[in-house]
Amino acid sequence: MSIQKRPVIELRGASKVFRTPSGGLHTAVRDLNLTVEQGEFVAVVGPTGCGKSTTLTLVSGLEEATEGEVMVGGAPVSGIGDKVGFVFQQDAVFPWRSVLSNVMAGPRFRGVPKAEAKERARSWLARVGLSAFEDRYPHQLSGGQRKRVALAATFVNDPELLLMDEPFSALDVQTRALMSDELLDLWAGTGASVVFVTHDLEESIALADKVVVMTAGPATVKEIFTIDLPRPRRVEAVRLEPRFVEIYREIWSSLGEEVRITRERSASDAA
């Protein structure tokens, strides 16, 4: 008899309400129901400002749900877990530390001996092609190189859950495609689950096993699409496949409606 695995992430009727500076209440997400399985790559798309990033902060433990349940690894989320890695839109690196020191920081904070932390950091720097840059500082690197440092600094901690909030949005188109391939290579074989927030529908399809479409704010899950493109993938190549175009049209028919609603609301508020 097979044993059914518990999902890595479970959101059950999760909502988040913030108090505004004027004292009012703003509902960022409402009645979220979502599961993410072990080793699954899930991309989350939705209109600007709908609450995609708030979903990540609830899963990470940076924020508590106002209502509902948020479970990670079968337990309620209470603070930031040791096995959760978070890659932000802005490069979360220490500007005063060298590249090697930045990648060593996570293991050192977790009590790993210095020699072991250095060995692990150098191994991951080799994987992201930055072995020759270990003594450089972040301001001496390109945007793509800084993002590679951030990825190495995340993967060196062996995260079971990787949360990514538009990590490549500040990069140029070519670098963005290269970093997407880099991410897929680093993630392959780790067994980690990934939740990847993006505004780029093409990026979400090229990377993910499932694409979750969120409604116009306050966000809830509108539809979930399974991406049946084979792995391994190369981002630029997979975008040329006829099936990719079919999937894009299918998802856009759902997402585009929410984008239009958001634009109409913005125009109405500005009037």
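Computed from a predicted structure; not experimentally measured.
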**Fill in**
Output for pair (E223 CD, S254 OG), nearest 0.5 Å, gives 3.5 Å

Short side-chain to backbone donor-acceptor contact, [X] and [Y], under 3.5 Å:
{"X": "R127", "Y": "S123", "answer": "no"}
{"X": "E203", "Y": "D200", "answer": "no"}
{"X": "T54", "Y": "A28", "answer": "no"}
{"X": "T57", "Y": "E63", "answer": "no"}
{"X": "T175", "Y": "D172", "answer": "no"}
{"X": "R136", "Y": "S98", "answer": "no"}
{"X": "T215", "Y": "T220", "answer": "yes"}
{"X": "T190", "Y": "A192", "answer": "yes"}

Residues 13-20, side-chain donor-acceptor partners within the protein, below 3.5 Å, at least two apart:
from	atom 1	to	atom 2	distance (Å)
S15	OG	D31	N	2.8
K16	NZ	E64	O	2.8
R19	NH1	G23	O	2.7
T20	OG1	S22	OG	3.1
T20	OG1	G24	N	2.9
T20	OG1	G24	O	3.4

**Asked** For residues 102-134, which residue pairs qualify under ring pair (Phe, Tyr, Trp, His ring centres under 6.0 Å), counting only residues two or more places apart or in two chains?
**Response** W124-F155

**Request:** Please list all pairs passing the ring pair (Phe, Tyr, Trp, His ring centres under 6.0 Å) test where one or both residues lie in residues 226-266, with sequence neighbours left out.
**Result:** none

For [X], salt bridge (Lys or Arg N to Asp or Glu O under 4.0 Å) partners two or more places apart:
{"X": "R122", "answer": "E134"}
{"X": "D228", "answer": "R243"}
{"X": "E69", "answer": "R12"}

**Prompt:** Taking only residues two or more places apart in sequence, or in another chain, which ones meet T66 in a side chain to side chain donor-acceptor pair (under 3.5 Å)?
**Reply:** none

Qualifying salt bridge (charged side-chain N to carboxylate O under 4.0 Å, His left out) pairs, either residue in [range], two or more places apart:
{"range": "residues 39-48", "value": "E40-K210"}
{"range": "residues 101-119", "value": "E116-R120"}
{"range": "residues 179-190", "value": "R148-E182, D185-R234"}

**Prompt:** Are the side chains of M164 and V44 in touch, meaning some heavy atoms are under 4.5 Å apart?
**Reply:** no

**Request:** With the side chain counted from C-beta on, respond yes when L125 and V99 share a heavy-atom pair under 4.5 Å apart, and no when they do not.
**Result:** yes

**Asked** Does A65 have any side chain to side chain contact (heavy atoms under 4.5 Å, CB included) partners at least two apart in sequence or in another chain, and if so, which?
**Response** L58, V70

**Prompt:** What pairs with F94 under ring-ring contact (aromatic ring centres under 6.0 Å, His included), at least two apart in sequence or on another chain?
**Reply:** W96

**Asked** Is any NZ, NE, NH1 or NH2 atom of the basic residue among E246 and R249 found under 4.0 Å from an Asp or Glu carboxylate oxygen of the other?
**Response** no

